[in-house]
**Q** 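Provided herewith is a single structure, encoded as structure tokens, for subsequent inquiry.
All values derive from a computational prediction rather than experimental measurement. Whatever order the structure lists them in is the order used to number ligands and atoms, beginning at 1.
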Amino acid sequence: MTMKLFDLTGKTALVTGSSRGLGRAFAEGLAQAGARVVLNGVNAARLAEAAAEMRAEGHDVLTAAFDVTDEPAVVAAFAGFDADGIAIDILLNNAGIQFRKPLLELETADWQRVIDTNLTSAFLVGREAARRMVPRGAGKIINIGSLTSELARATVAPYTVAKGGIKMLTKAMAAEWAEHGIQANAIGPGYMITDMNEALISNPAFDAWVKGRTPARRWGRPEELAGTAIFLASAASDYVNGQIIYADGGMISVL
Ligand code: GCO
């Protein structure tokens, strides 16, 4: 019984921004739990490479190259899924960028680019997915937040605002879509070992700060987020809605 609860066999999961980094780790985890995975990104070549690697591991993988900030492209992508008979049962909104600069020096275009990529995309892709989940009376939406969904750090204001918005968008999705059998939740990763964080990891002072500020005294590994994603993507979370689960080594819980 227990394992059935976490079994994603027969389900199709779309993971945005999944050719590398956390998105790729989420895709691997959902595939290991039995899901067919649709990889997304803007670079078709990188997607094809990631798909080939995952197929070599025995996973059922499709690719869908589209820009999650481009509304016509998002609408067209889902029209393509419809035409191909692909029902997206699980949407994991992972796509995101980081841009570090003090607010006083921040260009509006850079602010907007981060908000568009990290927050508006979750609305655009979530809305298209939910338009198909509602009639089916079932669906799982997992938005990727951050420690900055709760706490601010200097020089990452647009990222922080977007991730705070992700937490509240998740609750808004739950408010409107839970009655249709859709569970919308979020994951808040801690400081993870990713390309996006390379500049921080290789900075001895920042590395020391993360290790001192995190009860687990270490950075997280992307694959350590997979279990939380599988839980939120599976029947095990059918009565969980509007939540954000932090997988952060305890950082958000301590001063
Ligand atoms: C930063 C980092 C963070 C982490 C993560 C923490 O510049 O502080 O990029 O934003 O990536 O979001 O949860």
**Q** Relative to the heavy atoms of P189, which atoms of ligand 1 are at a distance of less than 4.0 Å?
**A**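 In order of number, 6 (C), 13 (O).
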**Q** Looking only at protein heavy atoms, which one is nearest to atom 12 (O) of ligand 1, and how far off is it?
**A**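 Protein heavy atom at minimum distance: S146 OG, 2.7 Å.
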**Q** Are E128 and R131 within salt-bridge range, i.e. N to O under 4.0 Å?
**A**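 Judged by the 4.0 Å cut-off on N to carboxylate O distance, E128 and R131 do form a salt bridge.
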**Q** At a non-hydrogen distance cut-off of under 4.0 Å, which region of V156 contacts ligand 1 (side chain, backbone, both, or neither)?
**A**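 V156 to ligand 1: side-chain contact only, backbone stays beyond 4.0 Å.
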**Q** With no hydrogens and no angle check, is any side-chain donor or acceptor of E224 less than 3.5 Å from a backbone partner on P222?
**A**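 No: the side chain of E224 does not pair with the backbone of P222.
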**Q** Between S149 and K163, is there a donor-acceptor pair closer than 3.5 Å when you use the side chain of the first and the backbone of the second?
**A**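 Here the side-chain-to-backbone pair exists.
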**Q** Is a donor on one side and an acceptor on the other found under 3.5 Å between the side chain of N185 and the backbone of V240?
**A**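 Checking the backbone N and O of V240 against the side chain of N185, a donor-acceptor pair under 3.5 Å is found.
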**Q** Report the part of N197 in contact with ligand 1, treating N, CA, C, O as backbone and CB onward as side chain, heavy atoms under 4.0 Å; options are side chain, backbone, both, neither.
**A**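 For N197, the contact with ligand 1 is made by the side chain alone.
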**Q** Starting from atom 3 (C) of ligand 1, locate the nearest protein heavy atom and write down its residue, its atom name and how far away it is, to 0.1 Å.
**A**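 Of the protein heavy atoms, Y191 CE2, 3.6 Å lies nearest.
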**Q** For atom 1 (C) of ligand 1, which of the options R153, M192, M196 provides the nearest non-hydrogen atom?
**A**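 Among R153, M192, M196, the closest heavy atom to atom 1 (C) of ligand 1 belongs to R153.
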**Q** Tell me whether S234 contacts the main-chain N or O of F6 through its side chain, where contact means a donor paired with an acceptor under 3.5 Å.
**A**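 Between the backbone of F6 and the side chain of S234 there is no qualifying donor-acceptor contact (under 3.5 Å).
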**Q** Under 4.0 Å from ligand 1, counting heavy atoms only, is it the side chain of T194, its backbone, both or neither?
**A**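 Looking at T194 and ligand 1, no heavy atom falls under 4.0 Å.
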**Q** If the threshold is 4.0 Å, N to carboxylate O, is there a salt bridge linking D116 and R113?
**A**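 Between R113 and D116 there is no salt bridge, as every charged N stays at least 4.0 Å from the carboxylate O atoms.
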